[in-house]
Amino acid sequence: MRITVLSGGVGGARFVRGLLHHRDRTDELAGSEITVIGNTGDDITLYGLRVCPDLDTLLYTLGEGADEERGWGRAQESHAVQAELAAYGVQPQWFTLGDKDIGTHLARTTWLGQGASLSQATDRLAQRWGLPAKGVRLLPMSDVPVETHAVLDGEEAQEAVHFQQWWVQMGARPTPARFVVAGMDRATPAPGVLEAIRGADVVVLPPSNPVVSLGIILSVPGLRDAVRGCAAPVVGVSPLVGGRPVRGHADVCLEAIGVEVSSAGIAGLYRDLLDGWLVDPQDPRPSAPGSRWTTRAHSSPLLMSDLEASADIAAETLRLAQDVR
Ligand code: GDP
Ligand code: FO1
Ligand code: CA
């Protein structure tokens with residue numbers, strides 16, 4: 001089976017980790033190819049280093065090197081380099097880069113400077129984290145740099161701030177008037193992305209942020225059309241548990257684009273794509289009347305609390321795909 005997953009950072013990464021575990025415990029799924037298409041809209045250049053938070057969260061989580069508590073960055077991290085930068089007064093200091101993590105950004109930036117594409121650099125990083133050996137391929141959504149910005153209303157004028165500055169330094173406040181993605185006009189899907197969608201047996205929208213993760217991936221020119229046009233079932237998992245995001249600020253992102261914070265509201269963002277939608281059993285509004293997709297409640301809380309729980313959610317997602325086929 002060929003499974004293609006569109007993913008942001010921590011929500012997508014934990015889902016894919018569960019999917020790998022489910023594949024490895026299930027005879028019928030032996031040899032299944034899993035391709036992950038990662039969001040690069042969060043990317044930022046700091047101290048001359050190219051940082052790709054969602055790709056790195058996928059690499060570290062699947063490679064068992066992530067800080068599990070925070071969800072991003074490396075486990076057992078130190079911060080000597082950034083402390084030196086602070087001593088020199090180098091800005092910004094609102095984005096925490098650990099020493100091991102900086103190694104990743106140095107490697108990536110070195111390869112990009114030597115003419116490698118982001119896909120090629122990601123491939124080399126993925127080798128180190130053992131992704132090919134685990135039977136999973138990680139593709140950036142695009143090799144063309146794109147950067148999401150939050151457009152904020154000021155007293156007199158609007159101001160666009162980089163997504164990371166809004167999310168990390170400003171704590172996702174205030175609610176933006178909208179999001180804009182610099183570079184998206186000229187972006188194209190990275191090599192292998194359209195093929196992975198068109199050739200899939202199942203396309204999965206994991207519980208990633210619907211606006212600034214999956215919304216950004218689906219806005220790469222040609223990508224949404226490919227998902228809409230593919231023959232495979234498209235199944236999604238709600239990022240809400242008990243009606244609220246498990247972590248992060250998806251509620252503020254939804255408010256910014258005028259979409260209700262509910263699993264029905266989120267499914268509506270995928271209305272042209274979706275065949276199946278897995279929601280939390282406590283979901284206050286499990287179905288959207290008249291929707292063309294099948295909504296199913298998971299048997300236990302839709303919480304990826306450990307590997308088994310994540311694998312069970314992945315298993316239910318694949319069953320749903322089979323049932324709506
Ligand atoms: P980010 O790029 O690191 O923000 O990660 P993603 O975009 O992939 O995922 C963020 C979303 O994951 C948030 O909106 C969370 O609500 C959702 N999420 C995180 N953990 C869980 C979980 O255990 N269960 C569910 N259903 N959603 C989760
Ligand atoms: N998130 C934070 O809230 N604070 C940080 O200082 C921070 C640093 C950071 C460094 C590398 C990295 O890959 C991710 C990092 N994140 C940090 C997480 C991250 O940027 C956001 O959670 C996502 O981009 C939002 O999806
Ligand atoms: Ca992200």
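Every number for a ligand or one of its atoms is a count from 1 in the order of the listing.
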(request) Indicate yes or no for a side-chain donor-acceptor contact from Q127 to the backbone of R124 under 3.5 Å, with no hydrogens or angles considered. (result) no
(message) If hydrophobic residues (ILVMFWY) are linked whenever their side-chain heavy atoms come closer than 4.5 Å, directly or via other members, who joins V151 in its cluster?
(response) V180
(request) Work out which heavy atom in A80 is nearest to a heavy atom in D99; give both atom names and the distance. (result) N-OD2, 2.9 Å
(message) To the nearest 0.5 Å, what is the distance between CZ on R17 and OG on S310?
(response) 6.5 Å
(message) To the nearest 0.5 Å, what is the distance between CG on L6 and CG on L139?
(response) 11.0 Å
(message) Quick check against the 3.5 Å criterion: does Q82 have a side-chain atom that pairs as donor or acceptor with the backbone of L97?
(response) yes
(request) For P191 and S119, work out which heavy atoms get closest and say how close. (result) CD-OG, 3.7 Å
(message) Using the rule side chain to side chain donor-acceptor pair (under 3.5 Å), only one of T35, D123, T122 pairs with R137; which is it?
(response) T35
(request) Indicate the atoms forming the closest heavy-atom contact of R23 with S32, along with that distance. (result) NH1-O, 3.5 Å
(message) When you compare the side chains of T104 and D56, does any donor N or O come within less than 3.5 Å of an acceptor on the partner?
(response) no
(request) Would you check ligand 1 and list the protein residues that come within less than 4.0 Å of it by any heavy atom, ordered by chain and number? (result) G8, G9, V10, G11, G12, D54, P207, S208, N209, S213, S238, P239, V241, P245, V246, R247, A250, L302, L303, M304
(request) Measure distances from the Ca ion (ligand 3) and count the protein N, O or S atoms below 3.0 Å. (result) 3
(message) Applying the side chain to side chain donor-acceptor pair (under 3.5 Å) criterion to D283, which one of S263, S238, S262 satisfies it?
(response) S263
(request) Scan side-chain atoms only and decide if H149 and Q165 contain a donor-acceptor pair under the 3.5 Å cut-off. (result) no
Tabulation required: pairs of a nitrogen or oxygen in ligand 2 and a protein nitrogen or oxygen under 3.5 Å; columns are atom names and distance to 0.1 Å; otherwise 'none'.
unit_1, atom_1, unit_2, atom_2, d
ligand 2, 1 (N), W72, NE1, 3.4
ligand 2, 6 (O), T96, N, 2.9
ligand 2, 6 (O), T96, OG1, 3.3
ligand 2, 20 (O), Q164, OE1, 2.8
ligand 2, 20 (O), Q164, NE2, 3.3
ligand 2, 22 (O), W167, NE1, 3.4
ligand 2, 24 (O), D42, OD2, 2.7
ligand 2, 24 (O), Q164, NE2, 3.0
ligand 2, 26 (O), D42, OD2, 3.0

(request) Over all heavy atoms of both residues, which pair between V202 and A321 is shortest? Give the atoms and the distance, please. (result) CG1-CB, 3.7 Å
